[in-house]
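What you see is a predicted model; the values in this text were computed from it and never measured.
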Amino acid sequence: MNIRLDTHSHTLASEHAYSTILENAKSAAERGLDLLAITDHASQMSDAPHIAHFVNYGILDKTLYGVEMLYGAEIDIIDFDGNVSMEPGLRRKMDLCIASFHAIILAAGSRKENTRAYLQAMQQEGVAIIGHPDDSNIPVDYEALVREAKQTGVLLEVNNASFKHRYRQDAAENTKTMLALCEQYGVSTSIGSDAHFAPAVGEFGLAVAVLEEARFPKELVINLDVGRFREFIAKRK
């Protein structure tokens with residue numbers, strides 16, 4: 001599977017990550033990627049960057065080491081009504097917004113509550129991807145999730161880091177369940193490294209293995225075509 005872009009990475013602006021934008025970009029170039037999205041946490045986490053970090057994105061080069069760069073944010077789902085941790089005006093200025101459920105911010109509720117949070121978050125302006133919806137600690141109705149993704153045009157993420165983090169339970173099996181429904185409903189996915197350290201940028205081996213085990217159609221993986229991804233982002237604006 002010839003993956004051309006990484007839609008999910010973090011820099012040391014999020015203090016639980018360890019590399020710079022330049023280090024991430026260089027790693028992307030070394031792995032032969034054409035595009036890299038920087039998606040630092042815009043969060044209520046105590047180590048998240050100040051809002052000025054995102055406001056100031058305009059000073060950054062759009063190409064580094066020959067890699068096209070997108071500058072966005074991973075935003076938190078902050079309640080069961082699907083509200084998120086970045087206000088709409090700033091979301092509109094981001095190249096890309098991933099909305100994720102982090103139990104450190106919002107303690108997981110019932111399956112019904114968690115599902116409602118995800119579904120409502122997909123309707124928030126500027127949300128392009130739902131990040132790592134694969135953790136049994138945050139139970140979700142996958143059919144409802146996939147059907148809403150079909151309705152809203154939001155991508156559902158296959159997160160490479162989920163398959164090596166012990167604190168996300170049953171990630172592989174949950175992802176396979178989600179992928180089967182994505183194939184049934186014709187819903188596209190994005191593959192994200194969720195790198196918090198430069199060497200992990202463009203690391204997709206575990207995610208690809210899950211996709212191959214699920215025999216998931218390549219035409220539903222957006223990371224294979226940069227042009228198609230640009231078109232998708234333009235439609236989400």
- Message: To the nearest 0.5 Å, what is the distance between NE2 on H41 and OG on S14?
- Response: 5.0 Å

- Message: What's the separation between atom CZ in R147 and atom OH in Y185, rounded to the nearest 0.5 Å?
- Response: 4.5 Å

- Message: Strictly distance-based, threshold 3.5 Å: is any side-chain N or O of S85 a donor or acceptor partner for the main-chain N or O of A42?
- Response: yes

- Note on the structure: Between L5 and N223 the two heavy atoms that sit nearest each other are O-ND2, 3.0 Å

- Measure the spacing between CG of N174 and OH of Y142 and express it to the nearest 0.5 Å. 3.5 Å

- Rounded to the nearest 0.5 angstrom, the NE2-CG distance for H102 and D135 is 10.5 Å

- Does a side-chain N-to-carboxylate-O contact under 4.0 Å join R116 and D141? no

- Query: Does L64 offer a backbone N or O that forms a donor-acceptor pair with the side chain of D61 under 3.5 Å?
  - Reply: no

- Message: Strictly below 4.0 Å, N to O, side chains only: are R91 and E125 in salt-bridge contact?
- Response: no

- Has the side chain of N83 got a donor or acceptor atom that lies under 3.5 Å from a matching backbone atom of I78? no

- How close do Y118 and H132 get, heavy atom to heavy atom, and via which atoms? OH-O, 4.2 Å

- Item | CA sep, side-chain torsions, deciding dist, call: R230, E68, salt bridge (charged side-chain N to carboxylate O under 4.0 Å, His left out) | CA-CA 11 Å; R230 288 196 202 100; E68 181 179 350; 2.7 Å; yes

- Please walk me through it: do Q151 and M122 pass side-chain contact (heavy atoms from CB on, under 4.5 Å)? CA-CA 10 Å; Q151 183 69 26; M122 280 191 257; over 6 Å; no

- Query: Does any N or O in the side chain of D225 come within less than 3.5 Å of the main-chain N or O of R228, such that one atom is a donor and the other an acceptor?
  - Reply: yes

- Query: Between the side chain of D79 and the main-chain N/O of D81, is any donor-acceptor distance below 3.5 Å?
  - Reply: yes

- Query: Checking S110 side chain against E113 main chain: does a donor-acceptor pair fall under 3.5 Å?
  - Reply: yes

- Sorted by chain and number, sequence neighbours left out, ring pair (Phe, Tyr, Trp, His ring centres under 6.0 Å) with H53 holds for Y57

- Message: Could you check whether any side-chain N or O of S100 sits under 3.5 Å from a backbone N or O of D76, counting only pairs where one atom can act as donor and the other as acceptor?
- Response: no

- Under the side-chain contact (heavy atoms from CB on, under 4.5 Å) criterion, do R168 and D134 qualify, and how do the steps go? CA-CA 7 Å; R168 291 183 191 157; D134 52 31; 3.8 Å; yes

- Message: Main chain of V127, side chain of Q124: is a donor-acceptor contact present, judged purely on distance under 3.5 Å?
- Response: no

- Message: Once rounded to the nearest 0.5 Å, what's the spacing between atom CD1 of I75 and atom CD1 of I98?
- Response: 9.5 Å

- Run the side chain to side chain donor-acceptor pair (under 3.5 Å) check on Q184 and E143 step by step: do they pass? CA-CA 10 Å; Q184 178 183 337; E143 181 153 12; 4.7 Å; no

Less than 3.5 Å apart, which donor and acceptor atoms pair up between the side chains of residues 20-29 and the rest of the protein, not counting sequence neighbours?
from : atom 1 : to   : atom 2 : distance (Å)
T20  : OG1    : L22  : N      : 3.4
T20  : OG1    : E23  : N      : 3.0
T20  : OG1    : E23  : OE1    : 3.4
E23  : OE1    : T20  : N      : 2.8
N24  : ND2    : H10  : O      : 2.9
S27  : OG     : A198 : O      : 2.7

- Is E231 paired with R236 through a side-chain N to carboxylate O contact shorter than 4.0 Å? no

- Mind checking what makes side chain to side chain contact (heavy atoms under 4.5 Å, CB included) contact with D95, not counting sequence neighbours? K62, L70, Y71

- Message: Please find the pair of heavy atoms, one from I191 and one from A207, that lie closest to each other, and give the distance.
- Response: CG2-CB, 3.8 Å

- Minimal non-hydrogen separation, P133 against I130, with atom names: CD-O, 3.8 Å

- Using a distance-only test with no angle check, is there a side-chain donor-acceptor pair under 3.5 angstrom linking D194 and N159? yes

- Task: Could you tell me whether a side-chain N or O of K150 sits under 3.5 Å from a main-chain N or O of V187, the two making a donor and an acceptor?
- Result: no

- Note on the structure: Tightest non-hydrogen contact, residues D6 and S193, listed as OD2-OG, 2.6 Å

- Message: Using side-chain heavy atoms (C-beta onward) and a distance below 4.5 Å, is E74 in contact with D40?
- Response: no

- Taking all non-hydrogen atoms of both residues into account, name the closest pair between T189 and C182 and its distance. CG2-SG, 4.1 Å

